[in-house]
Amino acid sequence: MARITAGVATSHVPLLGVGIDQGKMEDPYFKPIYAGYEWSKKWITDEKPDVIILVYNDHASAFDMNLIPTFAIGCADEFAPADEGWGPRPVPNVKNHADMAWHIAQSLILDEFDMTIINKMDVDHGLTVPLSLMYGQPDEWPVKVIPLAVNVVTYPPPSGNRCWMLGEAIARAVESFEEDLNVQIWGTGGMSHQLQGPRAGLINAEWDQKFLDDMTADPERLRHIPHIEYLRETGSEGIEMVMWLIMRGALGDNIKELHRHFHVPASNTAVGHLVLEKTS
Amino acid sequence: MHKSVHDYLADFDDIPGTRVYTTKRARQGYWLNQFAMSLMTEENRQKWKADEKAYLDGWKMTDEQKEAVLARDYNRMLDLGGNIYYLAKIFSTDGLSFVQAVSTMTGMSVEDYKAMMDAGGRSPDGVRSIKGGN
(Lines give C-alpha, C1' and ligand atoms only; values in the text may rest on other atoms or scores of the structure.)
Protein backbone atom coordinates (compact mmCIF):
# COMPACT_ATOMS: atom_id res chain seq x y z
CA MET A 1 0.00 0.00 0.00
CA ALA A 2 1.02 3.60 -0.47
CA ARG A 3 2.13 5.40 2.69
CA ILE A 4 2.96 8.97 3.68
CA THR A 5 6.37 8.93 5.33
CA ALA A 6 7.31 12.58 5.71
CA GLY A 7 6.30 16.18 5.22
CA VAL A 8 8.25 19.16 3.99
CA ALA A 9 7.34 22.80 4.45
CA THR A 10 9.06 25.54 2.52
CA SER A 11 8.56 29.06 1.28
CA HIS A 12 8.36 29.33 -2.51
CA VAL A 13 9.71 32.84 -3.14
CA PRO A 14 10.16 33.38 -6.92
CA LEU A 15 13.58 34.98 -6.37
CA LEU A 16 14.87 31.66 -5.00
CA GLY A 17 14.09 30.11 -8.39
CA VAL A 18 15.83 32.97 -10.17
CA GLY A 19 18.92 32.53 -7.98
CA ILE A 20 19.18 28.83 -8.91
CA ASP A 21 18.33 29.36 -12.59
CA GLN A 22 21.00 32.07 -12.90
CA GLY A 23 23.66 30.17 -10.97
CA LYS A 24 23.84 32.63 -8.07
CA MET A 25 23.96 29.98 -5.34
CA GLU A 26 27.31 31.25 -4.04
CA ASP A 27 26.29 34.92 -4.14
CA PRO A 28 26.50 36.39 -0.60
CA TYR A 29 22.81 37.33 -0.67
CA PHE A 30 21.67 33.83 -1.61
CA LYS A 31 24.26 31.62 0.06
CA PRO A 32 22.79 31.66 3.60
CA ILE A 33 19.33 30.97 2.16
CA TYR A 34 20.36 27.92 0.12
CA ALA A 35 22.66 26.69 2.90
CA GLY A 36 19.55 25.87 4.93
CA TYR A 37 18.47 23.39 2.24
CA GLU A 38 21.74 21.44 2.01
CA TRP A 39 20.72 19.01 4.76
CA SER A 40 17.33 18.51 3.10
CA LYS A 41 18.86 17.82 -0.32
CA LYS A 42 20.98 15.02 1.17
CA TRP A 43 18.01 13.71 3.15
CA ILE A 44 15.73 13.49 0.14
CA THR A 45 18.44 11.74 -1.92
CA ASP A 46 18.43 9.01 0.77
CA GLU A 47 14.67 8.96 1.21
CA LYS A 48 13.93 8.66 -2.53
CA PRO A 49 10.19 9.33 -2.34
CA ASP A 50 8.19 7.93 -5.26
CA VAL A 51 5.51 10.58 -5.17
CA ILE A 52 5.15 14.06 -3.70
CA ILE A 53 1.75 15.56 -3.09
CA LEU A 54 2.77 19.18 -3.52
CA VAL A 55 0.41 21.69 -1.92
CA TYR A 56 0.92 25.17 -3.35
CA ASN A 57 -0.97 28.14 -4.64
CA ASP A 58 -1.22 29.36 -8.18
CA HIS A 59 -0.30 33.06 -8.43
CA ALA A 60 -2.62 34.09 -11.25
CA SER A 61 -0.85 31.76 -13.70
CA ALA A 62 -3.05 28.75 -14.47
CA PHE A 63 -6.14 30.23 -12.84
CA ASP A 64 -7.28 33.72 -13.77
CA MET A 65 -10.35 35.60 -12.59
CA ASN A 66 -12.56 33.24 -14.57
CA LEU A 67 -11.94 30.27 -12.34
CA ILE A 68 -11.09 30.37 -8.64
CA PRO A 69 -11.13 26.83 -7.22
CA THR A 70 -10.61 26.63 -3.47
CA PHE A 71 -8.95 23.19 -3.74
CA ALA A 72 -7.83 21.81 -7.12
CA ILE A 73 -5.92 18.62 -7.91
CA GLY A 74 -3.88 18.18 -11.09
CA CYS A 75 -4.69 14.88 -12.80
CA ALA A 76 -2.93 15.12 -16.18
CA ASP A 77 0.24 13.14 -16.96
CA GLU A 78 2.46 16.18 -17.19
CA PHE A 79 2.59 19.91 -16.43
CA ALA A 80 4.87 22.53 -18.01
CA PRO A 81 6.41 25.50 -16.13
CA ALA A 82 4.31 28.66 -16.55
CA ASP A 83 5.34 31.88 -18.28
CA GLU A 84 4.77 34.38 -15.47
CA GLY A 85 5.75 37.43 -17.47
CA TRP A 86 9.47 36.78 -18.03
CA GLY A 87 9.32 33.45 -19.87
CA PRO A 88 8.98 29.97 -18.31
CA ARG A 89 11.60 28.85 -15.78
CA PRO A 90 14.24 26.57 -17.38
CA VAL A 91 13.18 23.55 -15.34
CA PRO A 92 11.92 20.12 -16.43
CA ASN A 93 8.24 19.43 -16.92
CA VAL A 94 6.57 17.98 -13.85
CA LYS A 95 5.45 14.37 -14.28
CA ASN A 96 2.41 13.26 -12.35
CA HIS A 97 1.41 9.90 -10.92
CA ALA A 98 -1.92 10.35 -12.67
CA ASP A 99 -3.47 7.06 -11.47
CA MET A 100 -2.82 8.06 -7.90
CA ALA A 101 -3.99 11.64 -8.49
CA TRP A 102 -7.32 10.41 -9.85
CA HIS A 103 -7.58 7.96 -6.97
CA ILE A 104 -7.02 10.77 -4.47
CA ALA A 105 -9.50 13.03 -6.29
CA GLN A 106 -12.29 10.50 -6.16
CA SER A 107 -11.48 9.44 -2.60
CA LEU A 108 -11.56 13.06 -1.42
CA ILE A 109 -14.91 13.69 -3.08
CA LEU A 110 -16.38 10.61 -1.44
CA ASP A 111 -14.85 11.89 1.80
CA GLU A 112 -16.87 15.12 1.33
CA PHE A 113 -14.07 17.32 -0.05
CA ASP A 114 -15.48 18.52 -3.35
CA MET A 115 -12.27 18.90 -5.32
CA THR A 116 -11.86 20.68 -8.62
CA ILE A 117 -10.13 18.32 -11.05
CA ILE A 118 -7.79 20.00 -13.49
CA ASN A 119 -5.94 18.52 -16.43
CA LYS A 120 -4.52 21.23 -18.65
CA MET A 121 -2.49 23.65 -16.56
CA ASP A 122 0.95 25.17 -16.33
CA VAL A 123 2.60 25.23 -12.92
CA ASP A 124 4.18 28.41 -11.59
CA HIS A 125 6.92 29.24 -9.07
CA GLY A 126 4.67 28.08 -6.22
CA LEU A 127 5.26 24.50 -7.34
CA THR A 128 8.60 24.61 -9.16
CA VAL A 129 10.65 26.63 -6.64
CA PRO A 130 10.21 24.05 -3.83
CA LEU A 131 11.32 21.29 -6.25
CA SER A 132 14.43 23.31 -7.16
CA LEU A 133 15.23 23.98 -3.50
CA MET A 134 15.01 20.28 -2.64
CA TYR A 135 16.41 18.69 -5.82
CA GLY A 136 18.66 21.34 -7.39
CA GLN A 137 18.90 21.29 -11.18
CA PRO A 138 18.35 17.74 -12.51
CA ASP A 139 17.53 17.05 -16.18
CA GLU A 140 14.33 15.36 -15.01
CA TRP A 141 12.65 15.61 -11.60
CA PRO A 142 13.45 12.26 -9.92
CA VAL A 143 9.97 11.99 -8.44
CA LYS A 144 6.33 12.05 -9.51
CA VAL A 145 4.43 15.12 -8.37
CA ILE A 146 0.71 15.48 -7.72
CA PRO A 147 -0.09 19.22 -7.76
CA LEU A 148 -2.66 20.33 -5.22
CA ALA A 149 -3.53 24.00 -5.65
CA VAL A 150 -5.23 26.09 -2.95
CA ASN A 151 -6.82 29.49 -3.42
CA VAL A 152 -5.07 31.92 -1.06
CA VAL A 153 -5.37 34.92 -3.38
CA THR A 154 -9.07 35.84 -3.48
CA TYR A 155 -10.72 36.12 -0.06
CA PRO A 156 -11.92 34.09 1.64
CA PRO A 157 -9.32 31.35 1.36
CA PRO A 158 -10.11 28.11 3.21
CA SER A 159 -9.73 28.18 6.99
CA GLY A 160 -6.71 26.61 8.63
CA ASN A 161 -8.96 23.99 10.16
CA ARG A 162 -10.46 23.08 6.79
CA CYS A 163 -6.95 22.75 5.38
CA TRP A 164 -5.99 20.46 8.25
CA MET A 165 -9.05 18.28 7.64
CA LEU A 166 -8.23 18.08 3.94
CA GLY A 167 -4.79 16.84 4.94
CA GLU A 168 -6.36 14.11 7.06
CA ALA A 169 -8.56 13.10 4.12
CA ILE A 170 -5.53 13.04 1.80
CA ALA A 171 -3.79 10.66 4.23
CA ARG A 172 -6.83 8.32 4.13
CA ALA A 173 -6.85 8.48 0.33
CA VAL A 174 -3.14 7.64 0.08
CA GLU A 175 -3.47 4.69 2.46
CA SER A 176 -6.16 3.17 0.25
CA PHE A 177 -4.05 3.24 -2.92
CA GLU A 178 -2.89 -0.30 -3.63
CA GLU A 179 0.54 0.40 -5.16
CA ASP A 180 3.51 0.19 -2.75
CA LEU A 181 4.74 3.79 -2.78
CA ASN A 182 6.79 6.08 -0.54
CA VAL A 183 4.77 9.30 -0.54
CA GLN A 184 5.68 12.68 0.87
CA ILE A 185 3.42 15.66 1.29
CA TRP A 186 4.78 19.19 0.99
CA GLY A 187 3.16 22.38 2.18
CA THR A 188 4.58 25.51 0.58
CA GLY A 189 4.38 29.30 0.73
CA GLY A 190 4.84 31.84 3.52
CA MET A 191 6.21 32.83 5.88
CA SER A 192 5.44 36.45 6.81
CA HIS A 193 5.37 38.80 3.82
CA GLN A 194 3.31 41.60 2.36
CA LEU A 195 3.71 42.49 -1.30
CA GLN A 196 1.28 45.35 -1.56
CA GLY A 197 0.41 48.80 -0.26
CA PRO A 198 2.22 51.16 2.11
CA ARG A 199 2.64 48.36 4.69
CA ALA A 200 4.60 46.20 2.21
CA GLY A 201 7.77 44.63 3.53
CA LEU A 202 6.23 43.49 6.80
CA ILE A 203 8.10 40.65 8.47
CA ASN A 204 7.22 39.09 11.83
CA ALA A 205 10.05 36.73 12.69
CA GLU A 206 8.78 36.14 16.22
CA TRP A 207 5.35 35.03 15.01
CA ASP A 208 6.92 32.88 12.28
CA GLN A 209 9.26 31.14 14.72
CA LYS A 210 6.34 30.32 17.01
CA PHE A 211 4.49 28.89 14.01
CA LEU A 212 7.52 26.69 13.23
CA ASP A 213 7.68 25.58 16.89
CA ASP A 214 4.00 24.74 17.05
CA MET A 215 4.01 22.59 13.93
CA THR A 216 5.26 19.98 16.40
CA ALA A 217 4.61 21.51 19.88
CA ASP A 218 1.02 22.73 19.51
CA PRO A 219 -0.47 22.07 16.08
CA GLU A 220 -3.95 22.33 17.57
CA ARG A 221 -3.35 26.07 18.08
CA LEU A 222 -2.33 26.50 14.46
CA ARG A 223 -5.55 24.91 13.19
CA HIS A 224 -7.60 27.71 14.69
CA ILE A 225 -5.63 30.82 13.76
CA PRO A 226 -8.17 33.08 12.04
CA HIS A 227 -7.44 34.80 8.71
CA ILE A 228 -7.39 38.21 10.38
CA GLU A 229 -4.48 37.13 12.58
CA TYR A 230 -2.43 36.05 9.56
CA LEU A 231 -3.25 39.38 7.90
CA ARG A 232 -2.39 41.58 10.87
CA GLU A 233 0.64 39.66 12.12
CA THR A 234 2.25 38.21 8.99
CA GLY A 235 1.27 40.58 6.17
CA SER A 236 -1.30 40.17 3.44
CA GLU A 237 0.54 37.26 1.80
CA GLY A 238 1.37 35.38 5.02
CA ILE A 239 -1.99 33.62 4.63
CA GLU A 240 -0.15 31.11 2.42
CA MET A 241 0.82 29.36 5.66
CA VAL A 242 -2.63 27.71 5.80
CA MET A 243 -1.21 25.41 3.12
CA TRP A 244 1.36 24.10 5.59
CA LEU A 245 -1.57 22.85 7.65
CA ILE A 246 -2.73 20.54 4.84
CA MET A 247 0.68 18.89 5.04
CA ARG A 248 0.58 18.85 8.84
CA GLY A 249 -2.93 17.40 8.96
CA ALA A 250 -1.84 14.59 6.64
CA LEU A 251 1.04 13.53 8.92
CA GLY A 252 -1.08 12.59 11.95
CA ASP A 253 -0.21 12.79 15.64
CA ASN A 254 3.24 11.29 15.81
CA ILE A 255 5.92 13.25 14.07
CA LYS A 256 9.47 14.40 14.64
CA GLU A 257 11.13 17.56 13.38
CA LEU A 258 14.27 16.51 11.52
CA HIS A 259 15.39 19.86 10.18
CA ARG A 260 14.55 23.54 10.38
CA HIS A 261 15.70 26.66 8.54
CA PHE A 262 14.60 30.27 8.91
CA HIS A 263 16.05 33.28 7.13
CA VAL A 264 15.10 36.91 6.55
CA PRO A 265 14.87 38.12 3.86
CA ALA A 266 14.51 36.60 0.43
CA SER A 267 13.13 39.43 -1.67
CA ASN A 268 10.17 40.67 0.44
CA THR A 269 9.72 37.44 2.39
CA ALA A 270 10.73 35.50 5.49
CA VAL A 271 11.91 32.05 4.38
CA GLY A 272 10.84 29.12 6.52
CA HIS A 273 11.58 25.45 5.98
CA LEU A 274 10.85 22.29 7.96
CA VAL A 275 11.39 18.58 7.39
CA LEU A 276 9.00 16.46 9.45
CA GLU A 277 9.15 12.70 9.73
CA LYS A 278 6.13 10.55 10.48
CA THR A 279 7.16 8.30 13.35
CA SER A 280 4.24 5.86 13.40
CA MET B 1 -15.87 29.74 15.36
CA HIS B 2 -17.69 30.95 12.25
CA LYS B 3 -18.49 34.64 12.28
CA SER B 4 -20.79 36.48 9.92
CA VAL B 5 -19.34 37.45 6.56
CA HIS B 6 -20.01 41.10 7.43
CA ASP B 7 -17.91 40.96 10.58
CA TYR B 8 -15.27 38.95 8.74
CA LEU B 9 -14.95 41.63 6.05
CA ALA B 10 -15.19 44.61 8.42
CA ASP B 11 -11.97 43.55 10.15
CA PHE B 12 -10.06 43.93 6.88
CA ASP B 13 -10.61 47.69 6.77
CA ASP B 14 -8.86 48.00 10.12
CA ILE B 15 -5.43 46.98 8.81
CA PRO B 16 -3.21 49.97 7.99
CA GLY B 17 -1.78 50.28 4.46
CA THR B 18 -3.35 47.06 3.19
CA ARG B 19 -6.05 46.20 0.65
CA VAL B 20 -7.33 42.70 1.19
CA TYR B 21 -8.40 41.17 -2.12
CA THR B 22 -12.05 40.57 -1.38
CA THR B 23 -14.74 39.45 -3.82
CA LYS B 24 -15.85 43.09 -4.06
CA ARG B 25 -12.38 44.10 -5.25
CA ALA B 26 -12.20 41.04 -7.50
CA ARG B 27 -15.39 42.14 -9.24
CA GLN B 28 -14.26 45.76 -9.54
CA GLY B 29 -10.87 44.75 -10.92
CA TYR B 30 -11.97 41.93 -13.22
CA TRP B 31 -10.83 43.49 -16.50
CA LEU B 32 -7.78 45.19 -14.99
CA ASN B 33 -6.59 41.83 -13.75
CA GLN B 34 -7.50 40.00 -16.95
CA PHE B 35 -5.58 42.58 -18.97
CA ALA B 36 -2.54 41.99 -16.75
CA MET B 37 -2.89 38.21 -17.25
CA SER B 38 -2.75 38.70 -21.00
CA LEU B 39 0.92 39.71 -20.67
CA MET B 40 1.83 36.09 -20.02
CA THR B 41 2.67 35.50 -23.68
CA GLU B 42 5.62 36.97 -25.56
CA GLU B 43 3.35 37.91 -28.47
CA ASN B 44 1.12 40.05 -26.25
CA ARG B 45 4.08 41.57 -24.43
CA GLN B 46 5.46 42.77 -27.78
CA LYS B 47 2.10 44.31 -28.75
CA TRP B 48 1.85 45.97 -25.33
CA LYS B 49 5.36 47.41 -25.50
CA ALA B 50 4.78 48.71 -29.03
CA ASP B 51 1.76 50.84 -28.01
CA GLU B 52 0.49 50.62 -24.44
CA LYS B 53 -2.50 52.93 -24.94
CA ALA B 54 -3.71 51.09 -28.03
CA TYR B 55 -3.31 47.76 -26.22
CA LEU B 56 -5.42 48.99 -23.29
CA ASP B 57 -8.18 50.10 -25.67
CA GLY B 58 -8.83 46.42 -26.32
CA TRP B 59 -9.91 45.92 -22.68
CA LYS B 60 -13.14 46.93 -20.93
CA MET B 61 -11.31 48.79 -18.19
CA THR B 62 -12.35 52.14 -16.71
CA ASP B 63 -10.42 55.25 -17.70
CA GLU B 64 -9.13 55.47 -14.13
CA GLN B 65 -7.79 51.93 -14.32
CA LYS B 66 -6.09 52.63 -17.64
CA GLU B 67 -4.50 55.82 -16.30
CA ALA B 68 -3.25 54.01 -13.21
CA VAL B 69 -1.68 51.30 -15.38
CA LEU B 70 0.00 53.80 -17.73
CA ALA B 71 1.33 55.71 -14.69
CA ARG B 72 2.45 52.42 -13.05
CA ASP B 73 0.67 53.65 -9.92
CA TYR B 74 0.37 50.33 -8.13
CA ASN B 75 -1.40 51.65 -5.04
CA ARG B 76 -4.04 53.18 -7.32
CA MET B 77 -4.34 49.91 -9.24
CA LEU B 78 -4.94 48.12 -5.91
CA ASP B 79 -7.61 50.70 -5.03
CA LEU B 80 -9.29 50.03 -8.37
CA GLY B 81 -9.50 46.28 -7.85
CA GLY B 82 -6.09 45.07 -8.94
CA ASN B 83 -4.44 42.14 -7.24
CA ILE B 84 -0.68 42.05 -6.84
CA TYR B 85 -0.21 38.62 -8.43
CA TYR B 86 -2.01 39.82 -11.55
CA LEU B 87 -0.27 43.19 -11.54
CA ALA B 88 3.04 41.32 -11.29
CA LYS B 89 2.67 40.53 -14.98
CA ILE B 90 2.88 44.27 -15.73
CA PHE B 91 6.01 44.94 -13.69
CA SER B 92 7.64 41.70 -14.83
CA THR B 93 7.10 42.83 -18.42
CA ASP B 94 8.77 46.12 -17.44
CA GLY B 95 11.73 44.06 -16.18
CA LEU B 96 11.17 44.97 -12.53
CA SER B 97 11.64 42.54 -9.67
CA PHE B 98 9.07 42.16 -6.89
CA VAL B 99 11.29 44.22 -4.57
CA GLN B 100 11.61 47.04 -7.09
CA ALA B 101 7.88 47.13 -7.87
CA VAL B 102 6.69 46.60 -4.31
CA SER B 103 8.92 49.40 -2.97
CA THR B 104 7.05 51.91 -5.18
CA MET B 105 3.94 51.38 -3.03
CA THR B 106 5.66 52.26 0.23
CA GLY B 107 6.80 55.82 -0.39
CA MET B 108 10.40 54.66 0.11
CA SER B 109 13.21 54.62 -2.43
CA VAL B 110 14.18 51.17 -3.70
CA GLU B 111 17.50 51.50 -1.86
CA ASP B 112 15.84 52.40 1.43
CA TYR B 113 13.28 49.62 1.00
CA LYS B 114 16.00 47.04 0.29
CA ALA B 115 17.95 48.25 3.31
CA MET B 116 14.82 47.83 5.45
CA MET B 117 14.34 44.27 4.18
CA ASP B 118 18.01 43.37 4.75
CA ALA B 119 17.68 44.69 8.31
CA GLY B 120 14.79 42.30 9.01
CA GLY B 121 11.84 43.92 7.27
CA ARG B 122 9.08 46.22 8.47
CA SER B 123 8.07 45.57 12.09
CA PRO B 124 4.40 44.74 12.67
CA ASP B 125 4.47 47.02 15.74
CA GLY B 126 2.09 49.92 15.20
CA VAL B 127 0.66 48.61 11.90
CA ARG B 128 -1.52 45.74 13.10
CA SER B 129 -4.71 47.68 13.67
CA ILE B 130 -5.94 51.21 13.04
CA LYS B 131 -8.43 51.09 15.92
CA GLY B 132 -5.99 49.39 18.28
CA GLY B 133 -3.14 51.68 17.30
CA ASN B 134 -0.77 48.72 17.73
Side-chain angles (χ1 to χ4, degrees), chain A residues 13-15 18 29 57-61 63-66 68 82-88 122 124 126 152-157 159 161 192-207 224 226-229 231-239 264-270, chain B residues 1-3 5 8-9 11-12 14-23 25-26 29-31 33-34 36-37 39-42 45 74-75 78 82-93 95 97-99 101-103 105-108 113 116-118 120-124 127-129:
Chain A
V13 187
L15 184 70
V18 174
Y29 183 89
N57 66 293
D58 180 82
H59 304 75
S61 302
F63 303 120
D64 63 9
M65 288 310 303
N66 285 319
I68 307 170
D83 181 342
E84 299 177 56
W86 58 87
D122 291 343
D124 73 12
V152 290
V153 174
T154 304
Y155 273 73
S159 69
N161 190 48
S192 54
H193 64 307
Q194 173 149 340
L195 303 177
Q196 50 113 339
R199 201 176 75 135
L202 186 135
I203 298 283
N204 192 342
E206 196 184 332
W207 195 101
H224 302 294
H227 291 161
I228 188 69
E229 181 175 336
L231 284 160
R232 289 194 199 281
E233 297 288 340
T234 74
S236 49
E237 277 63 57
I239 189 66
V264 177
S267 184
N268 303 277
T269 305
Chain B
M1 153 110 202
H2 179 74
K3 53 160 93 177
V5 70
Y8 176 85
L9 295 172
D11 282 345
F12 296 166
D14 181 52
I15 307 169
T18 304
R19 287 86 155 177
V20 180
Y21 192 61
T22 55
T23 54
R25 286 209 167 85
Y30 181 85
W31 287 113
N33 290 317
Q34 294 299 80
M37 282 295 284
L39 299 177
M40 288 176 68
T41 68
E42 186 54 33
R45 289 195 286 268
Y74 285 96
N75 276 326
L78 295 172
N83 172 273
I84 195 62
Y85 292 123
Y86 291 81
L87 304 181
K89 279 60 179 178
I90 305 173
F91 66 69
S92 296
T93 300
S97 71
F98 267 92
V99 163
V102 168
S103 70
M105 290 178 259
T106 62
M108 301 170 81
Y113 182 82
M116 176 182 78
M117 293 316 301
D118 289 343
R122 182 188 305 282
S123 166
V127 290
R128 292 180 172 95
S129 161

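By convention in this document, chain letters (A, B, ...) are assigned in the order of the sequence lines, proteins followed by strands, and residues within each chain are numbered from 1.
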Between A:Gly85, A:Ser236, A:Pro198, the one whose heavy-atom pairs under 4.5 Å with chain B are most numerous: A:Pro198
Between B:Lys89, B:Met105, B:Arg25, the one whose heavy-atom pairs under 4.5 Å with chain A are most numerous: B:Met105
Backbone N/O of A:Leu202 and side chain of B:Arg122: donor-acceptor pair under 3.5 Å: no
B:Tyr86 side chain to A:His59 backbone, donor-acceptor under 3.5 Å: no
Heavy-atom proximity to chain A below 4.5 Å, by part of B:Asn75: side chain
Proximal component of B:Asp118, with respect to chain A [non-hydrogen, under 4.5 Å]: both
Interface moiety of B:Leu39 toward chain A, non-hydrogen atoms closer than 4.5 Å: backbone
Engaged part of A:Ala205 at the chain B interface, taking heavy atoms whose separation is under 4.5 Å: neither
Ring centers of A:His227, B:Phe12 separated by less than 6.0 Å: no
Shortest non-hydrogen separation from B:Ile84 to A:Leu195 and the atoms involved: CG1-O, 3.5 Å
Chain A contact via B:Arg45 - which portion, at a heavy-atom distance below 4.5 Å: side chain
Heavy-atom contact with chain A under 4.5 Å, split by part of B:Met40: both
Side chain to side chain donor-acceptor pair (under 3.5 Å) between A:Asn57 and B:Tyr85, intermediate numbers included: CA-CA 11 Å; A:Asn57 66 293; B:Tyr85 292 123; 5.2 Å; no
Shortest non-hydrogen contact between B:Gly120 and A:Ile203, atoms and distance: O-CB, 3.3 Å
Atom CD of B:Glu42 with >12 non-hydrogen neighbours under 6.0 angstrom: yes
B:Met117 portion near chain A, given a 4.5 angstrom heavy-atom threshold: both
Atom of A:Glu233, atom of B:Pro124 and distance for their closest heavy-atom approach: O-CB, 4.4 Å
Non-hydrogen atoms of A:Gly197 and B:Thr106 that approach each other most closely: O-CG2, 3.9 Å
Residue pair A:Glu206, B:Ser123: steps toward the side-chain contact (heavy atoms from CB on, under 4.5 Å) verdict: CA-CA 10 Å; A:Glu206 196 184 332; B:Ser123 166; over 6 Å; no
Heavy-atom pair count under 4.5 Å with chain B, highest-scoring of A:Ala82, A:Pro226, A:Ser61: A:Ser61
Verdict with reasoning, A:Gln196 to B:Tyr21, per side-chain contact (heavy atoms from CB on, under 4.5 Å): CA-CA 11 Å; A:Gln196 50 113 339; B:Tyr21 192 61; over 6 Å; no
Heavy-atom side-chain proximity of A:Asn66 to B:Gln34 below 4.5 angstrom: yes
CE-CE distance between B:Met37 and A:Met65, expressed to the nearest 0.5 angstrom: 10.0 Å
Atom pair CD1/CG of B:Ile15 and A:Leu231 - distance to nearest 0.5 Å: 4.5 Å
Pick from A:Asn204, A:Val264, A:Ile228, A:Asp64 with the largest number of heavy-atom pairs that fall under 4.5 Å of chain B: A:Asp64
Options A:Asp83, A:Thr269, A:Leu15, ranked by heavy-atom pairs under 4.5 Å with chain B, top entry: A:Asp83
B:Ser129 to A:Arg232 - nearest heavy-atom pair and separation: CB-NH1, 3.3 Å
Heavy-atom contact with chain A under 4.5 Å, split by part of B:Tyr8: side chain
Nearest heavy-atom neighbours spanning B:Tyr113 and A:Gln194: OH-O, 4.4 Å
Most chain A-contacting option - heavy-atom pairs closer than 4.5 Å, from B:Thr22, B:Thr93, B:Val127: B:Val127
Any side-chain donor near an acceptor of the partner, A:Glu84 and B:Ser92, under 3.5 Å: no
